[in-house]
Number of protein chains: 2
Amino acid sequence: MKPIYLAIIEDDLVVQESLVEFFGLHPTIETVVVTNSVEDFLKLINSCEKVPEILLLDINLPGISGLKGLPLIKNELPNLDIIMLTTFDETDNIFKALSCGACSYLSKRASLQNILDAVLVVSEGGSYMSPAIARKIANFYAPKKKSILTSRQLEIVDGIVAGKSYKMIASDLFVSIDTVRSHIKNIYKTLEINCKAELIRKSFNKEI
Amino acid sequence: MKPIYLAIIEDDLVVQESLVEFFGLHPTIETVVVTNSVEDFLKLINSCEKVPEILLLDINLPGISGLKGLPLIKNELPNLDIIMLTTFDETDNIFKALSCGACSYLSKRASLQNILDAVLVVSEGGSYMSPAIARKIANFYAPKKKSILTSRQLEIVDGIVAGKSYKMIASDLFVSIDTVRSHIKNIYKTLEINCKAELIRKSFNKEI
DNA sequence: TTTTCAATAACATAATAATGTGGTTTTACG
DNA sequence: CGTAAAACCACATTATTATGTTATTGAAAA
């Protein structure tokens, strides 16, 4: 059975060592690169005969942070699957990491066994999210209780988000363009915004 | 210890029975409602003294499908955590289910043990996604290979998406407003669009 | 070295959007 | 019955956006 080539970037030497030791015991995982910074990793990676397939990347690193480093690393090794290790589960970071191509995300409070599970899952083409993280993702998609806009206003918003002009929205809804304007004025007031871009952003962020 | 009240909607009687039997053995889980359709569930739920906290919901049901039923159920029991069980992992369904408020999603090929894990994780406020599903979610966020826009053009797009006017973008980038206009003309041409709304939409859909 | 392309910029014009003020009508609620 | 909210509409003004044409400069590619 082909071993899984693993890399680790972790600046906390205690954590780093415990990871290395733990994975050293595993029969099918071979830790091929271990560094304590993104910079070192990028230097080492070119002169490395065994190219890692999976990387455990700490999100809080001195120098280039894990989050900033992600695109740099992905640029060098596009096929590397990256598992983020994080101390705090900040929602923003989760989505930023995912947007940069991280495929798994787990809390450092997770046990070594959990981290191993994640590595194995990823090596099989899956993805592992710790429960708290997964919940945040689910909540992100979840519908908001109820909009502060009226149903008519929501129809107007739909039109805007769909890229229609006021004129088009007016003719679609069989009302005058001034009515559309009027609705939009009210919508902007309610949402405390003053341009279309904000409206569309809010809509995509499910803030409406 | 307070038991976890569980409900199950599953039309396949073999699966249903094995679930009921399996959870019956668990000390802290009490299965309080079992039906084979969303319709029956909605009828029963009002005359039920023990209100379920977690629901295992099959996605493919006769009559009202699990997906269609989700909002109806959530409407009756807003605090119910719903775990979707699915035979096929269609990406569309995953996101639809999440958008309707499902908090976990797992393949029926998952073992009973996995389903139990999911129930326990959810009962603790987490969320469980099977690896293949989680991977699809991660891939959804992953960056597209490379943009057809130049880096400068991307800076302009960022400004637009952030809700800035041309004037603001110009002053942020220390160029004239006509330069910004010029960039935007080129961007629209390249992307074959002709308004800001489309640009923002594409940006949020990672089509840029 | 010629050509292409990205980035810069000016000038011009038409369309659309943002904002204000004021008004009517219908519907729902206490 | 009165009132409030929602949907409707008009008129007006300014700001911003969309679009066209043209041109210079520097860097990269052919």
Side-chain angles (χ1 to χ4, degrees), chain A residues 71-72 75-76 78 143-208, chain B residues 71 75 78 143-208:
Chain A
L72 304 174
N75 197 42
E76 290 296 311
K144 296 290 164 287
K145 20 268 128 215
K146 67 165 187 289
S147 177
I148 48 173
L149 298 184
T150 69
S151 63
R152 195 54 161 175
Q153 286 174 336
L154 289 175
E155 288 186 86
I156 304 275
V157 171
D158 283 347
I160 297 285
V161 173
K164 293 173 185 165
S165 66
Y166 294 0
K167 202 185 285 183
M168 288 162 77
I169 295 171
S171 81
D172 284 1
L173 299 182
F174 306 107
V175 296
S176 90
I177 191 171
D178 280 310
T179 302
V180 175
R181 278 195 242 270
S182 174
H183 280 301
I184 287 174
K185 270 180 287 192
N186 293 331
I187 291 167
Y188 283 8
K189 201 171 184 182
T190 312
L191 300 179
E192 298 177 298
I193 58 176
N194 60 359
C195 75
K196 220 158 70 158
E198 274 290 290
L199 183 68
I200 297 172
R201 198 188 54 68
K202 272 185 188 283
S203 170
F204 272 94
N205 288 337
K206 294 175 173 294
E207 291 170 24
I208 294 183
Chain B
N75 198 42
K144 297 292 166 285
K145 18 272 129 207
K146 68 167 186 290
S147 175
I148 48 174
L149 298 184
T150 68
S151 63
R152 194 56 162 173
Q153 287 174 336
L154 290 175
E155 288 186 85
I156 304 276
V157 171
D158 284 346
I160 296 285
V161 173
K164 293 175 185 162
S165 67
Y166 294 181
K167 202 185 284 182
M168 289 163 76
I169 295 171
S171 80
D172 284 1
L173 299 182
F174 305 107
V175 297
S176 88
I177 192 171
D178 281 310
T179 301
V180 175
R181 277 196 241 270
S182 175
H183 280 301
I184 288 174
K185 272 179 285 192
N186 292 330
I187 291 166
Y188 283 9
K189 202 171 183 182
T190 310
L191 299 180
E192 297 176 298
I193 58 178
N194 58 0
C195 74
K196 219 156 72 157
E198 274 288 291
L199 183 68
I200 297 171
R201 198 189 53 69
K202 272 185 188 283
S203 170
F204 272 94
N205 288 337
K206 294 178 170 293
E207 292 171 23
I208 293 182

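Here is the naming used below: chain letters follow the sequence lines, and residue numbers restart at 1 for every chain.
Distance B:Asn186 CG to C:dA9 P: 14 Å, rounded to the nearest Å. Rounded to whole Å, atom P of D:dA10 lies 17 Å from atom OH of A:Tyr166. In this structure, A:Ile184 places its CD1 atom 15 Å from C1' of D:dC9, rounding to the nearest Å. If you measure from atom NZ of A:Lys164 to atom P of D:dA18, you get 18 Å, rounded to the nearest angstrom. Atom CD1 of A:Ile177 and atom P of C:dT19 are 16 Å apart (whole Å). Going from atom CD1 of A:Ile187 over to atom C1' of C:dA18 covers 13 Å, rounded to whole Å. Summarising the geometry, the separation between CD on A:Gln153 and C1' on D:dA7 is reported as 9 Å, rounded to the nearest angstrom.
For the atom pair OG1 of A:Thr190 and CD1 of A:Ile148, the computed distance is 6.0 Å after rounding to the nearest 0.5 Å. To the nearest 0.5 Å, atom NZ of residue B:Lys196 and atom CD1 of residue B:Ile184 are 8.0 Å apart. Here NZ of A:Lys189 is found 13.0 Å from CG of A:Leu191. Values are rounded to the nearest 0.5 Å. Taking CD from B:Glu207 and CD from B:Glu198, the interatomic distance works out to 8.5 Å, rounded to the nearest 0.5 Å. Residue B:Leu154 holds its CG atom at 7.5 Å from CD1 of B:Ile187, rounded to the nearest 0.5 Å. Distance check, rounded to the nearest 0.5 Å: CD1 of A:Ile160 to CD1 of A:Ile200 gives 7.0 Å.
Scanning atom types as modelled, one donor and one acceptor separated by under 3.5 angstrom connect the side chain of B:Asp178 and the base of C:dC11. With hydrogens and angles ignored, no donor-acceptor pair under 3.5 angstrom links the side chain of B:Lys185 to the base of D:dT17. Under 3.5 Å, the side chain of B:Ser176 and the base of C:dT8 form no donor-acceptor pair of N or O atoms. Between the side chain of A:Ser182 and the base of D:dC9, a donor-acceptor pair under 3.5 Å is found.
Across all strands, B:Thr179 comes closer than 4.0 Å to base atoms (heavy-atom distances). Within the nucleic acid shown, B:His183 comes within 4.0 Å of at least one base atom, counting heavy atoms only.
The minimum heavy-atom distance linking A:Ile156 with A:Ile169 is given by the pair O-CD1, 3.9 Å. Across every non-hydrogen atom of A:Ile208 and A:Ser147, the tightest pair is O-OG, 2.9 Å. Summarising the geometry of B:Gly163 relative to A:Ala197, their closest heavy-atom pair is CA-CB, 3.5 Å, with the distance given to 0.1 Å.
Listed by first and then second residue, the side chain to side chain donor-acceptor pair (under 3.5 Å) pairs involving residues 155-171 of chain B are B:Arg152-B:Glu155, B:Lys164-B:Asp172 (not counting sequence neighbours). Note on residues 176-185 of chain B: pairs passing side chain to side chain donor-acceptor pair (under 3.5 Å), not counting sequence neighbours, are B:Ser176-B:Thr179, B:Asp178-B:Arg181.
Against DNA chain C, the stretch residues 189-208 of chain A makes heavy-atom approaches under 4.0 Å through A:Asn194, A:Cys195, A:Lys196.
Toward the 5′ end of DNA chain C lies the nearest nucleotide of B:Ser151, the other residue of the pair A:Tyr188 and B:Ser151 mapping further downstream. Each of B:Arg181 and B:Ile156 has a nearest nucleotide on DNA chain C; the 5'-most of these lies closest to B:Ile156.
Contact annotation: A:Ser165 side-chain N/O to C:dA15 OP1/OP2 distance is not under 4.0 Å. Side-chain nitrogen and oxygen atoms of B:Lys167 include at least one within less than 4.0 Å of the OP1 or OP2 phosphate oxygen of D:dT16.
Among the nucleotides C:dT16, C:dT8, D:dC9, the one closest to any side-chain atom of B:Val175 is C:dT8.
Recorded end-axis angle for the helix from C:dT1-D:dA30 to C:dG30-D:dC1 stands at 50°, based on five pairs per end and rounded to 10 degrees.
Residues passing the salt bridge (charged side-chain N to carboxylate O under 4.0 Å, His left out) test with B:Lys206: none are found, sequence neighbours excluded.
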Using the 3.5 Å cut-off, write out each protein N or O paired with an N or O of nucleotides 26-29 of chain C and the distance between them.
none

